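For reference, the structure is listed below as structure tokens.
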Amino acid sequence: VSDKQYTVPQQLQPYRNTLDTVLTEKGMFNGNIMVVERDVEVPLTLYKGGFFDFKATQLTAIPADLLPDSYPAGKTIDELLPQYGLDVNQMAKYLGFAFIMLPNNGNEISFVQRAKGLGIAADCMALSGATPPFHEDFLKEDFDFPGYFRKIIEREIAEEYKLSPNEFRIGTCYLIDDKKSVPFVAIEITTPLSTKEIAQRSYGDKEIIREHPILYATSLSAVQTLIQRFPLLPSSAYVMDKVADQMSKFNKV
């Protein structure tokens, strides 16, 4: 963990300042995030940023939509990078979590319909997720990183799936470099409960529905067909395919 603070490049500062006002008026919160410095590889170097920094450097954003006199019409930030002499590593690539739900002791793989209005990957079929915030105690020598991340996972799984810590186990974690969105850690969450049982617990909960109104599930053997027939978020489809393939090979052994 680095002690420096992320700063949006000068070329995008006017957009960042205007976006701050717009997002605040929409009720969004500029929470602390962990920005990945340089390449997405192990070990990661992380430093502190704000969620609005990410929104102001999101590759798919079109700054001219807010400031037509300051930026070229229709150009995304990704398209503007060469013009400004910038690269992707200067953007606020924040580290996210994604949950690979494996109900029924891994005989199912579950994902969600992400709700409209979410800050990232809204209104699509994908894995559920969370944003682990930058903690002010990170820089202390004896900080308990595994404990910190476990608490985040337990809290999110309780809020989004109504599962207590003794009802699931954390499995393999995969570091994914999603170059079109944000890098994330995909985390296997295995539970003996079925997707149907989880859905029954979650039914009617407004907080859960605000995150994802629909739970989907399929067998591991059907993941390939699912990916071919339905418009899953590409990074989620990639992860689900890899996990299903590895688990199928393991089960054969």
Side-chain angles (χ1 to χ4, degrees), residues 1-24 26-61 63 76-78 80-99 118-121 127-159 170 172-187 235 239:
V1 178
S2 169
D3 61 358
K4 74 177 185 179
Q5 172 88 29
Y6 175 80
T7 303
V8 171
Q10 182 180 354
Q11 299 91 326
L12 295 171
Q13 276 292 343
Y15 178 58
R16 167 69 174 81
N17 294 337
T18 303
L19 193 64
D20 193 308
T21 302
V22 171
L23 295 179
T24 300
K26 288 183 177 180
M28 285 193 179
F29 174 61
N30 187 29
N32 289 337
I33 59 173
M34 292 188 285
V35 178
V36 178
E37 187 177 33
R38 298 186 298 273
D39 296 330
V40 180
E41 59 186 12
V42 178
L44 287 172
T45 301
L46 303 168
Y47 57 111
K48 184 179 179 180
F51 181 69
F52 290 177
D53 295 332
F54 160 70
K55 295 298 286 185
T57 59
Q58 198 168 7
L59 296 178
T60 56
T76 65
I77 288 177
D78 193 22
L80 290 172
L81 293 184
Q83 179 178 329
Y84 292 154
L86 300 172
D87 62 46
V88 171
N89 282 336
Q90 291 167 280
M91 304 298 100
K93 304 180 298 181
Y94 85 76
L95 184 68
F97 279 179
F99 301 122
L118 292 178
I120 186 169
L127 299 173
S128 63
T131 300
F134 190 97
H135 198 291
E136 295 301 332
D137 291 340
F138 274 174
L139 299 173
K140 292 183 178 179
E141 198 169 317
D142 60 348
F143 187 82
D144 178 15
F145 281 95
Y148 170 72
F149 288 121
R150 177 175 287 277
K151 285 179 182 177
I152 290 174
I153 294 167
E154 290 177 350
R155 184 188 68 226
E156 292 293 330
I157 296 301
E159 290 177 357
I170 300 170
T172 303
C173 299
Y174 307 82
L175 178 61
I176 306 297
D177 185 7
D178 185 348
K179 297 183 185 299
K180 294 296 183 182
S181 185
V182 299
F184 63 95
V185 179
I187 304 161
S235 57
V239 170

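Given the structure is predicted, the values throughout are model-derived calculations rather than measurements.
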*Full working for side chain to side chain contact (heavy atoms under 4.5 Å, CB included) between Ile187 and Ile153*: CA-CA 9 Å; Ile187 304 161; Ile153 294 167; 3.8 Å; yes

*asked:* Please give me the minimum heavy-atom distance between Thr45 and Ser2, naming the atom from each residue.
replied: CG2-CB, 4.4 Å

*Is the closest side-chain heavy-atom distance between Glu156 and Ser128 below 4.5 Å?*
no

*Looking at Ala61 and Pro63, what are the two nearest heavy atoms and their distance?*
O-CD, 3.5 Å

_Expected output: side-chain Asp144 to main-chain Gly147 donor-acceptor under 3.5 Å_ = yes

*Does anything in residues 31-53 pair up under ring pair (Phe, Tyr, Trp, His ring centres under 6.0 Å), and if so which pairs, sequence neighbours excluded?*
Phe51-Phe54

_Trace of the side chain to side chain contact (heavy atoms under 4.5 Å, CB included) decision for Ile33 with Thr131_ = CA-CA 7 Å; Ile33 59 173; Thr131 300; 4.0 Å; yes

*Using the benzene-type ring in the case of Trp, are the ring centres of Tyr94 and Tyr6 under 6.0 Å apart?*
no

*How about Phe29: does its CZ atom have over 12 heavy atoms from other parts shown lying under 6.0 Å from it?*
no

*Is the backbone N or O of Gly50 less than 3.5 Å from a side-chain atom of Asp53, with the two atoms forming a donor-acceptor pair by type?*
yes

_Rounded at 0.5 Å granularity, tell me how far CG in Asp20 sits from NZ in Lys55._
13.0 Å

*Using atom types as modelled and distance alone, determine if a side-chain donor or acceptor of Lys93 lies under 3.5 Å from a backbone N or O of Asp177.*
no

*Hey, does Asp39 have a side-chain heavy atom less than 4.5 Å from the side chain of Asn89?*
yes

*Of the options Leu80, Val8, Ile77, which is the one that meets Tyr15 in a side-chain contact (heavy atoms from CB on, under 4.5 Å)?*
Ile77

*Indicate the ring-plane relationship of Phe97 and Phe149, choosing parallel, tilted or perpendicular according to the 30° and 60° boundaries.*
tilted

*Would you say the side-chain atoms of Gln90 pair up with the backbone N or O of Asp87, donor to acceptor, closer than 3.5 Å?*
yes

*What are the two closest heavy atoms between Ala186 and Ile176, and how far apart are they?*
CB-CG1, 4.4 Å

_Could you go through His135 and Asn32, starting from their C-alpha distance and side-chain angles, then the distance that decides it, and tell me whether this counts as side chain to side chain contact (heavy atoms under 4.5 Å, CB included)?_
CA-CA 8 Å; His135 198 291; Asn32 289 337; over 6 Å; no

*Answer whether the closest heavy-atom distance between the side chains of Met28 and Val22 falls below 4.5 Å.*
no

*So, for Val36 and Pro183, which heavy atoms are closest and what is the spacing to 0.1 Å?*
CG2-CG, 3.9 Å

*asked:* Among residues at least two apart in sequence or on other chains, which ones pass side chain to side chain contact (heavy atoms under 4.5 Å, CB included) with Glu154?
replied: Arg150, Pro165, Phe168

*Considering all heavy atoms, the nearest Leu139-Asp3 contact*: CD1-CB, 3.7 Å

*Around Gln10, counting heavy atoms of other residues, nucleotides and ligands shown, do more than 12 lie under 6.0 Å from its CD?*
no

*Roughly how far, to the nearest 0.5 Å, is OG1 of Thr57 from CG of Asp78?*
11.5 Å

*Any side-chain heavy-atom pair from Met91 and Gln58 closer than 4.5 angstrom?*
no

*Can you name the nearest heavy-atom pair linking Gln13 to Thr7, along with the distance?*
NE2-CG2, 3.8 Å

*Answer yes or no: is there a side-chain heavy-atom contact under 4.5 Å between Tyr174 and Phe184?*
no

*Does the side chain to side chain contact (heavy atoms under 4.5 Å, CB included) test come out yes or no for Lys4 and Glu37, once each step is laid out?*
CA-CA 10 Å; Lys4 74 177 185 179; Glu37 187 177 33; 2.6 Å; yes

*Is a donor on one side and an acceptor on the other found under 3.5 Å between the side chain of Gln11 and the backbone of Tyr84?*
yes

*Beyond-backbone contact of Leu59 with Thr76, side-chain heavy atoms, under 4.5 angstrom*: no

*Is any side-chain heavy atom of Val35 closer than 4.5 Å to a side-chain heavy atom of Leu46?*
no

*Less than 4.5 Å apart, any side-chain heavy atom of Met34 and any of Pro133?*
no

